[in-house]
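Notes to accompany the following structure.
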Amino acid sequence: MTRDRLSFWGWVFSAILLGAVAAQPVGTSTQLTTGLMLLAVLLVVWRCGRTGPWRLVFVGVAVTIVIRYFYWRTTSTLPSPDSLINFIPGLWLYIMELFTLFMLAISMFIVADPIERPRARQLSDADKPSVDVFIPTYNEDKLILATTMSAALAMDYPAGKLKVYLLDDGGTDQKCNGDDPVAALAARNRRAELKALCEELGAHYLTRERNVSAKAGNMNAALPKTDGELIAIFDADHGPVREFLIETVGHFTDDPRLFLVQTPHFFLNPDPIEKNLSTFQRMPSENEMFYGIIQKGLDKWNGAFFCGSAAVLRRAALEEAGGFDGISITEDCETALSLHARGWNSRYVDKPMIAGLQPETFASFIGQRSRWCSGMMQILLLKNPLFKQGLKLPQRIAYLSSSLFWLFPLTRITFIVAPLLYIFFSLEIYEANISEFIAYTAVYMAANMMMQNYLYGQVRWPWVSELYEYVQAVYLIRSIAGVLLNPRKPTFNVTAKGQTLDSKRLSELAAPYFVIFSILLVADVVTAWRWYHDPAASDLLLVVGLWNTLNLLVAGLALGVVSETVERRHAQRLAVSRRGAIMVGGQIEQVLIEDVSMGGAKLRPLSNRFSIDRTTGREGHLAIAPARPGHPIRHVPIILKRLSHDSRGLSAGIAFAGEETEATKIVAELMYAQATPLDEFRARRRKSVNVINGSLDIVLMSVRHMARGMAYLSRVGQPASPSASAINEAVPASPQVNVK
Amino acid sequence: MTASRFSLLLGSILALAPLAALADDGAPVDSDRILHRLPLSAEGWTLAGENARLDLPVYLDAAATTRPAELQLALESAISVMPEASTLVATVNRQTIGRIGLGNQGAAPAAITIPPSVLRAGWNTLSLVASQRHRVDCSIDGTYELWTRIDPGHSGLKIAAPVTGADDLTAIAGLSPADNGTLPIRLRIVPKSDDDFAAGLRLAGLAARITGTEAPLVDYAPEAGTGAGLDIVYGRSAEIAALGLEPPAAGGLRLVPAHDGHRATLIALANNLGGVDAALGRLEDAANRVGPAPLRPVVVGHAPTSLTLSGLGRPSEQFSGHLWSERLHVRLPADTLIADYGSVTLRLSAGYAPGLAADNTLSMFVGGHLAAAIPLGNDSGAMIDNRRIELPLSAFRPGDNEIEFVAHTASAADSACAPRDQITGAARFLILNNTAIDLPKTARALRLPDLGATIANGRTAAVAGNGVRLALAERTAGNLAAAATLYAKMAVLADRLPDLDARMTLAGTSPAGAIVVGALDELPAELRQLAGLDIGLTRATAHNGNGSGDDLLTGSIASPDSAGQPAADPLVEEWRSRVGTPHNRWSELLTLVDTTIDEVARSLGLASTEAPPLPASASFVVSQGLDNSNEPVTLVAATDAATLNAGVTNLVTPQNWQLLAGSTLYLDSLSGKWQSRAPLRQTIVSTGPLDFGNLRMTTAAWFAMNTPIYAGLLALAGMLFGLMTYVTVRRHGHRTAP
């Protein structure tokens, strides 16, 4: 018997042993003691380490508690079918809990052994395959496209082996010849403008006759017109760093059956939740759990999938499969699913090498997530990974996990409604007394939180998952219903990015959150009243009230999410560190460029004082030191916008002047010269917060944002200040400087 | 007579015959009618509290049902019982036959005519339901002053004397109990061999089974018994003839009806072993024809079972008083392994009226111990629909379990205690008969030593099929009678007459799986040590042996109640109750936390489990130990033969028999109370083939008894699973193992 087989049967034996021991019907006091001892064991293991065997030993003990809970939940807590009014919602709640258990199980499988890929093999220029860069666009701003193309063109790769294509779906023949003369004119103008931009930058402009199959159709239309062995795909706002291809292309040489190398998406701006709760600078972004751990876990099982951008694909694989799949509106995952089923492989490189934008408003955020949710539901219904031929079992589980995840609105809404059924209607859908709740449910919840914190603590703080799920669930439930009713109906909607908000306001989607919050608040009041006046129900009320209060805290936090703060900056800045020199009025000062955006930069004099003319509005030039030896020094005209003092001394804000395309090249040179700033920023936010501190933080934030939400609500109907406009699409006519 | 013996006998008399002084020995004859007395039950003869119920079985032959009959009840009520608001309703076979006012009854017994159509041949159920209210005190405490006692010597069915053929053995079922409700049985020939001893015991046991008595008292004496009861003559022809009786001819068995003040006599011929078997066969046939007496506790098996109040014969009931109580009896299999691995679920459907006090509760007691309680304090009242209440399985015991519901339904207005409210008070509490008790699946094994699982359920060995083994320390009349009474009691409880291995001496007899009966000084030291009696009773013997008889000296020895835990100071308790906040939600929360910590400590073995030593005042004791083969050895011992006989007589009454629990039960001669002692260690003993399901349940029970081991094993299993997962996943997918 080989070691592999031996270990497998050893695992089977250990699973049977665990099941047999955990499924013992011991009583409540025994369970309480056992549960507390297991929690103590978890703490000890936690102290021992978070990597290697300790990691799965921790998971094993946590899983033991979970099994104990579900054994009890299944055998002891379901309402009697004799009372359908209790039984039906009780069964639904149980099914939802089972679903979360199933999701927990498959997610544990996926993240059992996340892998760190070694650096890609470094190829000589002669060995490097030719690469076509596809930048699909539909309605994005020219400046954003210019920056992305500039960055793509600046990537370190042999000239002649790299071609950058702008795939414009906003200037198709269909749009240029549309029935609406205004729209047709705009499309023709856009086509001409982007064509000129591409020529100026050295990129290629491609468009097609008709807008069919959205992004997948756009890229498929480009395939016959291009010929690179590899295709790198970037969203319109996803500028790549110089080493992007160096760090990815080598993998294709290692594995001739490799169809995909995916890299993380890194965002320069906060999503609306981070923005409105002011957590962007200190808390890991929502997507870090996916890119930091889950994709690495998927990679382990050859299930890392295409995320639509920041990826390199092999043309041969795409051509074999007939191009990008476009049945669903998440063509990226769908394409990867098809190619995995055809026996192609994928890899994931956990190094952020693009910097993009997230939707700024809550409405556009919900729109983006609705598309993802609908697309994954379409995959579940139309290309169910369980039945897709050619996939291996781990890959089926991987895709199942990714698609089933989007059913979270069902569980989240259920968990919100369930306590209300008891508080308002005294429905007993979860039969247990307070001792059992403490011994089983509380221990289970504690273990669950510890496990989440242990596994994902650095990339996901406590209660953040619940918050994101809640704010999305309210609207995504409709997306799920829509796909279930008509799986082929959803259409691809481009996520609006680069929006600004001139005034504080409630999101246009805010109403349901206030309604739900009000209901939960009333429920808590009713709970307190009943708890005092109805001793017969006090035990259960204590538990249900606590449950509802947790929901209330999350709902309170959500009020802060839908209370949109001002966002005037449409050009996001990135911290960099590059030497340079500024010349104004003939005087030269050596500076350190500390951050940069598409509009301008922040400069700090090395001497801690400016000898130049400090009058704001003065024009001058900025010379930028090359990122690497041998590269040319770049010059850009600037306007001095502001001087300010901070803890490090004097600094100056400048705006780029002169030709737009020149500015974009500078931005590309500064922002996308190296991956290091992206990595550093990501690492800076990756700090774990323990369950207690994280929970306390959430409570305090919730209280604060409840008040803020209420304040916003009280201003509804009053004129906005200073500007009456709520949302302005960012179509800047000229570079705009945003300095702190 | 020593002080201990005196108090023991006094206790026996008080327990058995509350009003015995009023009774005469014979069944009272009223011209042409004979009083068929009522049998003693576990509820005793007192109807206590605001609502009380007594259900009794009465056997009548077909002829008796055709004759005029009446229910005669000699009652005595407490002075506090309010006549205008207190009644006793009598029903026969669930049909109301009459109502008696309580509180002002005269000296003469009350009589209720029983319509002929109500009675039926065979077993009948007589129910007496009392509703009593206090004259002046409407508090909860006042309800404890409400009682009505039944004089068993002058109460019963008054019915024309039955005419039965001498060979109709079913007539045994119609024998009237003695004036204290027990059934005396006398074996008139003292056995000379173990076989004769066993045969006589079997006949007595079977006769007791036919009568359905719960309190058989067997003695040995050559004289014919008088009054109620049954004499049994078992012997050779010459021995029978020597008693002036004619030996039976065919079948070797004959019943001589009562006559001239003498008891009915069952004569069995013992010419050979086959002879007694034939006689037992005929008697068993009669027992089958009679059938089991009704009102025995509901018997459940090891499988999950659901019992509703309606299924237990309880109607939906409204209650307008202040303290409602109801008792149910459920019999678990004797080999039910009791531990904290499951729970009995009560699904309560009830209601209570608005305006009651906030600190009212509904409590559930199992075996006299509080198992659960829920508040009934909603100011606007509430309907409770199918509410689930967990009663820990560990609150139960193998065999008969009494589940008592007690509802406090006090109101602030009770302080006024208006008589009109007492008479026409609106209903305060409602219990619906769809309230159910769900019993879980239980493991089939014994935790030994445990008197409750073995002796109390009619078995002396771990495996029921091994029958009952009895051995006398010495062949004395007292020991013989004590052993015979014990066997008769066990025979009554068993599903069928247990096989019997009876020895009149210990010589050459293994005590494993046996009851050994004898005075303490007759018992071998090793047996005393095995059963844990080496200390307490030896001291008691020494104490009794010195002839002190000084009650004060005896009383100075620490009582079991006080050993190990100081008694609460009544003064402090009173002040606590005065300054306490009866309805404080925060104190409930603190109690919850406190209880949770206690539970953890207990399951970790941190709580004290040390049992108090057997006190010197223990005069009669039943104690069980395990021998090397894990077979129980039970000693029934006393300081002397007379105390032994009195102790057994006292023990077999239904009220006391259910006290058999733990490893030791003893009668404290100082207090006259029975005390039980839990074993320090118990061993799980299999009672049959171990199928997978039972093995799993037994394992669960063992884990529940050894929580730290279970928790450790679970943690190890989880860690092993994690480790094996680590080893395995590294070898699959993208390989990361070397």
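In what follows, every chain begins at residue 1, and chains take the letters A, B, ... in the order their sequences are listed.
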(request) Can you measure from CG (Leu720(B)) to OG1 (Thr64(A)) and round to the nearest 0.5 angstrom? (result) 10.0 Å
(message) Quick check for you: among Leu723(B), Leu714(B), Leu716(B), which has the greatest number of heavy-atom pairs under 4.5 Å with chain A?
(response) Leu714(B)
(message) What I want to find out is whether Asp4(A) reaches Arg730(B) closely enough, with some N-O distance under 4.0 Å, to be called a salt bridge.
(response) no
(message) With heavy-atom distances below 4.5 Å as the criterion, would you say the side chains of Thr30(A) and Tyr710(B) are in contact?
(response) yes
(request) Please check if the side chain of Lys300(A) supplies one atom and the backbone of His732(B) the other of a donor-acceptor pair under 3.5 Å. (result) yes
(message) As an exercise: rank Pro394(A), Ala20(A), Gly52(A), Ser83(A) by heavy-atom pairs under 4.5 Å with chain B and give me the winner.
(response) Gly52(A)
(request) Could you grab the distance from atom OG1 of Thr736(B) to atom CG of Asp113(A), nearest 0.5 Å is fine? (result) 3.5 Å
(message) Using a 3.5 Å distance criterion without hydrogens, assess whether the side chain of Arg696(B) forms a donor-acceptor pair with backbone atoms of Ala23(A).
(response) yes
(message) Just verifying a value: how many Å separate Asp340(B) CG and Gln31(A) CD, rounded to the nearest 0.5 Å?
(response) 10.5 Å
(message) Working to the nearest 0.5 angstrom, can you tell me the gap between Glu390(B) CD and Ile434(A) CD1?
(response) 13.5 Å
(message) Using 0.5 Å steps for rounding, measure from the CD1 atom of Ile115(A) to the NE2 atom of His734(B).
(response) 4.0 Å
(message) Please check this pair: side chain of Ser14(A) against backbone of Met724(B), looking for a donor-acceptor N/O pair closer than 3.5 Å.
(response) no
(request) May I ask you to name which of Gly303(A), Ala22(A), Gly19(A) has the most heavy-atom pairs under 4.5 Å with chain B? (result) Ala22(A)
(message) For a 4.5 angstrom cut-off between non-hydrogen side-chain atoms, does Arg388(B) reach Ser76(A)?
(response) yes
(request) Measure the CZ-CD1 distance between Phe721(B) and Ile67(A) for me, rounded to the nearest 0.5 Å. (result) 6.5 Å
